[in-house]
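Okay, so here's the structure we're looking at.
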2 protein chains.
Amino acid sequence: MSNLETNQVTQQARGPVGREGVLDVAARLFREQGYGSVSLRKIAQVAGIKAGSIYYHFGSKDEIVLSILDTGIMAVHDEMRLAVSSQASDASAEVILRAAITAHLRALLDVSDYSSANVRIFGQVPQSVRDANLPTRRSYEAEWDSLLARLKANGALKQDVDVRHLRLMLIGALNATLEWFDPKRGSVEALAKNYADVFVHGILEKQDN
Amino acid sequence: MSNLETNQVTQQARGPVGREGVLDVAARLFREQGYGSVSLRKIAQVAGIKAGSIYYHFGSKDEIVLSILDTGIMAVHDEMRLAVSSQASDASAEVILRAAITAHLRALLDVSDYSSANVRIFGQVPQSVRDANLPTRRSYEAEWDSLLARLKANGALKQDVDVRHLRLMLIGALNATLEWFDPKRGSVEALAKNYADVFVHGILEKQDN
DNA sequence: CACGCAACCTAACAAGTGTTAGTTATGTAC
DNA sequence: GTACATAACTAACACTTGTTAGGTTGCGTG
């Protein structure tokens, strides 16, 4: 039987898998395959343990997925807040906005399986899990709202844009990249620049006729 | 037993449910609850029949969901193509683009459970179903690409925009509205205008300093 | 060397899944 | 009234799911 060898492909035989190990594997699988088709047995197998053992670290599957959702948002939130706050105090609205957009995309596409898993599976998890994740989510949304409101108060943004609306549009558009972005076809930075260009200046040629 | 009455709540006792009836119910449930948590038994119960009876009309669950995915895209495609082709031949690029955006959003948020179900569950269905749905999907994407390429050739679009990239960005942003749009807070038309405004002109105040 | 704890395993449970085969009721055509 | 197709029902199948209870292993501490 090659069954023994097959197991060793995914199992590295180093120290304990632990709570973090399970979370890492689960986040990756959720991102790749969605919530519904990733069972505890699948997570356990990839992590190199047995399904029942997961209950040593977690009380339920919901607890796992909620933990992933929360840390996923916090990762993006941190990345974005840091990028904005590290701008020079006299930075222009455009520069700040570009930094925020780039940070969000980087967290999503580069840094964290947790962030991408969040975007992918949020709409698939049980309502109770979604509700439990809402506060963390609202906190990140508030960060964007406060940034956009500041830029609007400065007069940098057009005065007829609705901040909440713009935030939904921005984050929605950025998150959608997860569905098709391929690092082999271009860098995250180039993608971010592209998106920022559209949001900042639009796509129509300036009319000079 | 009130079991008989309970059944009658969802069952209207009119003629046969039929293939179309099953599809309508399935599309609605998929849109509302996602793919994974909608079983054949749930579909059957809401439709007012028993689970096994579904196999009179369909060969498998995959066949149901694929049918929904296909008609979902075709509905948006038709709506968008009609909106564009019914524009005056001297219509400006901006007007045409606004019509296309509005049509896509209307199909998604107003018209069809199939369209919204498609967007919601595409990422959750088995790979084989996704593959089978791809041709229909590509056809719609090609429609957008050809429209955008035309506008770019006219010189209406900035010459440095990548058509494929812009299409992905546009459709991604529009589809994301499904996740939060609430008809009680505003009309689809107002939403479409908002989105078109951003894409066309951007959000930054024109600099006159 | 014994103890204790952390981290895991084994084996089973009840519930739910898609699917199938065989059966039944209802109408329509000849 | 017989024949046939339509549209459903019933009951079971093999399987997967999250979850639980109790047992086992190995390692560090006293």
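In what follows, chains carry the letters A, B, and so on, assigned in the order in which the sequence lines appear, proteins first and then strands, with residues in each chain numbered from 1.
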Look for any protein N or O under 3.5 Å of an N or O in nucleotides 22-29 of chain C and output each such pair with its distance, or none.
none

Under 3.5 Å, which N/O atoms of the protein pair with N/O atoms of nucleotides 25-29 of chain D?
none

Problem set entry | All pairs passing ring-ring contact (aromatic ring centres under 6.0 Å, His included) where residues 162-195 of chain B contributes a residue, at least two apart | A:His165-B:Trp180, A:Trp180-B:His165
Seminar exercise, completed: Residues pairing under ring-ring contact (aromatic ring centres under 6.0 Å, His included) where one sits in residues 109-136 of chain A, two or more places apart or in two chains, turn out to be none
Problem set entry | Any residue of residues 52-61 of chain A with a heavy atom less than 4.0 Å from an atom of DNA chain D | A:Gly52, A:Tyr55, A:Ser60, A:Lys61
Exercise. Can you name the salt bridge (Lys or Arg N to Asp or Glu O under 4.0 Å) partners of A:Arg150, sequence neighbours left out?
Worked result: none
For this session: Output the residues of residues 18-33 of chain B in contact with DNA chain C, where contact means a heavy atom of the residue under 4.0 Å from an atom of the strand; sort by number or write none.
Result: none
Exercise. What's the closest nucleotide to the A:Pro16 side chain, out of D:dT19, C:dC9, C:dC8?
Worked result: C:dC8
Please table the atom pairs, donor to acceptor, closer than 3.5 Å between any side-chain atom in residues 65-77 of chain A and protein atoms at least two apart or in another chain.
from	atom 1	to	atom 2	distance (Å)
A:Asp70	OD1	A:Asn133	ND2	2.7
A:Asp70	OD1	A:Thr136	OG1	3.1
A:Thr71	OG1	A:Ser67	O	3.0
A:Thr71	OG1	A:Ile68	O	3.3
A:His77	NE2	A:Arg81	NH1	3.4
A:His77	NE2	A:Glu143	OE1	2.7

For this session: Establish, for the pair A:Lys61 and A:Tyr55, whether the NZ or CZ atom is under 6.0 angstrom from the six-membered ring centre and no further than 45 degrees off its axis.
Result: no
Exercise. Is the count of non-hydrogen atoms from other residues, nucleotides or ligands lying under 6.0 Å from B:Arg19 atom CZ greater than 12?
Worked result: yes
Problem set entry | A:Lys50, nearest nucleotide to its side chain (from C:dC9, D:dC9, C:dT17) | C:dC9
Exercise. Bend across the helix from C:dC1-D:dG30 to C:dC30-D:dG1, to 10°, with axes taken over 5 pairs at each end?
Worked result: 10°
Contacts table for residues 25-34 of chain A: side-chain donor-acceptor under 3.5 angstrom, sequence neighbours left out:
from	atom 1	to	atom 2	distance (Å)
A:Arg31	NH1	A:Asp113	OD1	2.9
A:Gln33	OE1	A:Lys42	NZ	3.1

Output a table of nitrogen or oxygen pairs between the protein and nucleotides 12-14 of chain D separated by less than 3.5 Å.
from	atom 1	to	atom 2	distance (Å)
D:dA12	N6	B:Arg41	NH2	3.4

Exercise. Mind checking what makes salt bridge (Lys or Arg N to Asp or Glu O under 4.0 Å) contact with A:Glu79, not counting sequence neighbours?
Worked result: A:Arg106
